[in-house]
Protein chains: 2
Amino acid sequence: MKQQEVFKAMADPTRRAILKRLQGGSLTAGEIGAAFDITPASLSHHFAVLKRADLVRTERRGQYIVYSLNSTVFEDLARMVLDLFPSKGNTGGKK
Amino acid sequence: MKQQEVFKAMADPTRRAILKRLQGGSLTAGEIGAAFDITPASLSHHFAVLKRADLVRTERRGQYIVYSLNSTVFEDLARMVLDLFPSKGNTGGKK
DNA sequence: TAGATATTTAGACAAATATCTAAATATTGC
DNA sequence: GCAATATTTAGATATTTGTCTAAATATCTA
């Protein structure tokens with residue numbers, strides 16, 4: 001898992017909003033973009049960042065490209081955060 | 001809590017390494033810096049970002065400034081990640 | 001096959017950011 | 001008070017990044 005890619009992807013508010021929109025289920029690029037005031041090209045750039053971080057998956061459906069969340073990586077991300085957070089049973093020694 | 005500041009702070013590998021070092025307990029700026037090949041000025045910049053995100057706390061001890069983790073914000077961050085992640089009981093409807 | 005729609009790619013540009021050097025500020029101990 | 005040490009601030013610079021316009025690619029439908 002590319003820790004750096006994931007954190008960088010999460011650092012942009014537009015991208016976090018995209019992820020938020022995908023919580024309700026898969027959406028096409030156009031459906032996602034309808035909620036934002038940026039060009040399709042900019043949107044596409046954000047999708048590329050999210051894909052590189054493996055936070056979203058894509059599937060072509062005819063003319064459209066459908067985006068969906070990759071839940072696995074969210075679990076990994078949560079684990080990484082908790083790994084940074086020292087608590088009982090986590091002395092920071094692992095990995 | 002400044003979601004944007006927190007995610008931006010986490011997006012830099014040097015800052016994540018700083019947090020990692022602080023898992024073992026409080027350290028002075030100099031002790032932290034010893035592990036990195038960058039100038040004290042650059043270090044200080046990273047500390048400022050981490051402080052703005054409220055991920056670390058500081059306390060002057062004589063000549064030194066002691067940094068420590070602010071665990072509370074890590075919990076908030078974990079919550080934010082999980083909030084992005086759709087699971088049973090989390091339909092994305094809350095806040 | 002031609003035209004329309006959906007999305008991405010290429011290239012340019014401005015804003016943000018990580019780094020540096022030099023200088024400033026704070027504190028200690030003589 | 002002064003020199004030494006620790007840290008931050010100021011200002012400069014190179015890289016990264018988010019955005020745009022224009023053009024390319026993919027697919028559908030008539």
Side-chain angles (χ1 to χ4, degrees), chain A residues 2-22 24-70 77 84, chain B residues 2-22 24-70 77 84:
Chain A
K2 315 207 93 184
Q3 186 160 335
Q4 180 57 24
E5 302 302 322
V6 174
F7 277 115
K8 264 200 306 194
M10 298 293 295
D12 183 84
T14 299
R15 288 194 288 268
R16 289 199 304 278
I18 289 171
L19 296 173
K20 204 84 181 156
R21 284 214 92 202
L22 286 173
S26 306
L27 291 172
T28 68
E31 288 170 331
I32 296 168
F36 301 98
D37 196 22
I38 66 180
T39 63
S42 297
L43 242 295
S44 191
H45 156 72
H46 287 305
F47 291 146
V49 175
L50 290 169
K51 258 191 333 199
R52 201 176 324 129
D54 206 29
L55 284 162
V56 300
R57 290 279 163 75
T58 64
E59 173 202 351
R60 179 172 279 277
R61 188 137 64 211
Q63 220 170 347
Y64 306 92
I65 293 184
V66 179
Y67 282 85
S68 52
L69 290 182
N70 175 16
L77 177 58
L84 252 345
Chain B
K2 318 203 93 180
Q3 185 159 338
Q4 179 57 24
E5 302 303 322
V6 174
F7 277 115
K8 262 200 306 194
M10 299 293 297
D12 183 87
T14 299
R15 288 194 290 268
R16 289 198 305 278
I18 289 171
L19 296 173
K20 205 82 180 157
R21 283 214 94 202
L22 286 173
S26 307
L27 292 172
T28 67
E31 288 170 334
I32 296 169
F36 301 99
D37 196 22
I38 67 181
T39 63
S42 297
L43 241 295
S44 191
H45 156 72
H46 287 304
F47 291 145
V49 175
L50 290 169
K51 258 191 334 197
R52 201 177 323 130
D54 205 29
L55 284 162
V56 300
R57 290 279 163 73
T58 64
E59 172 203 352
R60 179 172 278 276
R61 189 137 62 210
Q63 220 171 346
Y64 306 93
I65 294 185
V66 178
Y67 283 85
S68 52
L69 289 182
N70 175 16
L77 178 57
L84 252 345

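The structure displayed is predicted, hence computed values, not measured ones. In what follows, chains carry the letters A, B, and so on, assigned in the order in which the sequence lines appear, proteins first and then strands, with residues in each chain numbered from 1.
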Notebook entry, point to check: Would a distance-only check, ignoring hydrogens and angles, find a side-chain to backbone donor-acceptor pair under 3.5 Å from Gln4(A) to Asp12(B)?
Noted result: no

Value in whole Å for how far the [atom2] atom of [N] lies from [atom1] of [X]:
X        : N       : atom1 : atom2 : answer
Phe36(A) : dT19(D) : CZ    : C1'   : 15 Å
Glu59(A) : dA6(C)  : CD    : C1'   : 15 Å
Arg16(A) : dG18(D) : CZ    : C1'   : 14 Å
Ile65(B) : dA6(D)  : CD1   : C1'   : 8 Å
Tyr67(B) : dA6(D)  : OH    : P     : 15 Å
Ile18(B) : dT7(D)  : CD1   : P     : 13 Å
Arg60(A) : dA6(C)  : CZ    : P     : 12 Å
Lys8(B)  : dG18(D) : NZ    : P     : 11 Å

(Q) Check this one for me: any side-chain N or O of Arg15(A) less than 4.0 Å away from OP1 or OP2 of dG18(D)? (A) yes

Is the shortest side-chain heavy-atom distance between [X] and [Y] below 4.5 Å?
X        : Y        : answer
Arg61(A) : Thr28(A) : no
His45(A) : Arg15(A) : yes
Phe47(A) : Lys51(A) : no
Leu19(B) : Val56(B) : yes

Minimum heavy-atom distance [X]-[Y], with the two atoms named:
X        : Y        : value
Arg21(A) : Leu27(A) : O-CD1, 3.7 Å
Leu22(A) : Tyr67(A) : CD2-O, 3.4 Å
Arg16(A) : Leu84(B) : O-CD1, 4.0 Å

Nearest listed nucleotide, side chain of [X], among [options]:
X        : options                   : answer
Ile38(A) : dT8(C), dC20(D), dT21(C)  : dC20(D)
Tyr64(B) : dT8(D), dT27(C), dA6(D)   : dA6(D)
Gln63(A) : dC20(C), dC28(D), dT27(C) : dC28(D)

Judged by nearest nucleotide, the residue sitting upstream toward the 5' end of DNA chain D, Arg61(A) or Asp37(A), is Asp37(A)

Between the CG atom in Leu50(A) and the CG atom in Leu69(A), the distance rounded to the nearest 0.5 Å is 9.5 Å

Expected list for residues 41-58 of chain B near DNA chain D, using heavy atoms below 4.0 Å, is Ala41(B), Ser44(B), Phe47(B)

Intra- and inter-strand pairing of DNA chain D, written as dot-bracket with Watson-Crick and G-U pairs under 3.5 Å and | for the latter, reads ||||||||||||||||||||||||||||||

